[in-house]
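Both backbone and side-chain heavy atoms feed into the values below; hydrogens, waters and symmetry mates do not.
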Amino acid sequence: QVQLVESGGGWVQHGGSLRLSCAASGRAFSAYNMGWFRQAPGKEREFVAAVSSRGYITDYANSVKGRFTISRDSAKNTVYLQMNGLKPEDTAIYYCAAGLGWGPALGSRENDYWGQGTQVTVSS
């Protein structure tokens with residue numbers, strides 16, 4: 001089992017920055033690809049960013065490329081999402097996922113893991 005706990009969400013003005021954290025506990029953190037997804041009110045959950053198990057490869061949704069950066073710290077069993085240049089359309093609940101899939105497919109397998117989410121609100 002892997003437990004994921006997100007933190008760092010909050011309210012920020014258009015153009016501001018936030019850094020989300022996802023702390024993992026349980027089984028070997030370094031075995032899993034990690035990612036961030038988000039779900040806005042009335043919309044389906046969508047892929048935001050992913051980082052490979054060793055941290056060498058990253059992937060981003062087109063909507064966040066150049067603004068968001070995903071990274072992981074194996075010593076702290078934590079994955080981060082640095083969000084700069086935030087826009088009102090980035091407002092959503094952000095979820096952390098761990099699994100063996102990649103990109104948008106991360107988190108879709110039976111044994112993948114999800115956190116409870118953290119709210120990000122960007123005002124115009």
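- Looking at heavy atoms from C-beta onward, Ser30 lies out of side-chain contact with Ser53 at the 4.5 angstrom threshold.
- At least one side-chain heavy atom of Val120 sits less than 4.5 Å from a side-chain heavy atom of Leu20.
- Ring geometry for Tyr32 versus Tyr113: interplanar angle over 60°, hence perpendicular rather than tilted (30 to 60°).
- Nearest heavy-atom pair, Phe29 versus Val79, reported as atom, atom and distance to 0.1 Å: CZ-N, 4.3 Å.
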Worked check of side chain to side chain contact (heavy atoms under 4.5 Å, CB included) between Val12 and Ser123: CA-CA 6 Å; Val12 66; Ser123 65; over 6 Å; no
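- Between the CH2 atom in Trp36 and the CE atom in Met83 there is a gap of 8.0 Å [rounded to 0.5 Å].
- At a threshold of 4.5 Å between non-hydrogen side-chain atoms, the residues Phe68 and Asp90 count as touching.
- Remark: Leu100 CG is packed, more than 12 non-hydrogen atoms of other residues, nucleotides or ligands lying under 6.0 Å away.
- Of the inter-residue distances, the one linking Thr69 atom OG1 with Arg19 atom CZ reads 11.5 Å to the nearest 0.5 angstrom.
- Smallest separation of non-hydrogen atoms from Ile57 and Trp102: O-CH2, 3.5 Å.
- Residue pairs meeting the side chain to side chain donor-acceptor pair (under 3.5 Å) criterion with at least one member in residues 4-15, sequence neighbours excluded, do not occur.
- Scanning both residues, Ser52 and Tyr56, for their nearest heavy atoms gives OG-N, 3.2 Å.
- Taking the ring centroids of Tyr95 and Phe37, they lie at or beyond the 6.0 Å cut-off.
- The distance from atom CD of Gln1 to atom OG of Ser25, rounded to the nearest 0.5 Å, is 10.0 Å.
- Rounding to the nearest 0.5 angstrom, the gap separating the NZ atom in Lys65 from the OG1 atom in Thr58 is 9.5 Å.
- Criterion: ILVMFWY side-chain heavy atoms under 4.5 Å apart, direct or through other members. Under it, Tyr60 and Val48 are part of a common hydrophobic cluster.
- In the displayed structure, Glu89 atom CD is contacted under 6.0 Å by more than 12 heavy atoms of other residues, nucleotides or ligands.
- Using a 4.5 Å heavy-atom cutoff, the side chains of Tyr80 and Arg72 are not in contact.
- Side-chain N or O atoms of Thr118 include one that pairs as donor or acceptor with a backbone N or O of Gly9 at under 3.5 Å.
- Asn33 has its side chain out of reach of Val51: every pair of non-hydrogen atoms, C-beta onward, lies at least 4.5 Å apart.
- Checking Arg38 against Tyr94 by side-chain atom types alone, a donor-acceptor pair falls below 3.5 Å.
- Looking at every heavy atom in both residues, Ser21 comes nearest to Thr78 through CB-CG2, 4.2 Å.
- Checked by atom type, the side-chain pair Asn84/Ser17 shows a donor-acceptor distance below 3.5 Å.
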Chi angles and distances behind the side chain to side chain contact (heavy atoms under 4.5 Å, CB included) call for Lys87, Arg67: CA-CA 10 Å; Lys87 305 175 182 179; Arg67 299 189 298 124; 3.8 Å; yes
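- Leu4 and Ile93 fall into different hydrophobic clusters, where Ile, Leu, Val, Met, Phe, Trp and Tyr side chains are chained together by heavy-atom contacts under 4.5 Å.
- Between Gln82 and Leu18, every side-chain heavy-atom pair lies at or beyond the 4.5 Å cut-off.
- Leu106 and Trp114 make their closest contact through O-CZ2, 4.1 Å (heavy atoms, listed as atom of the first residue, atom of the second, distance).
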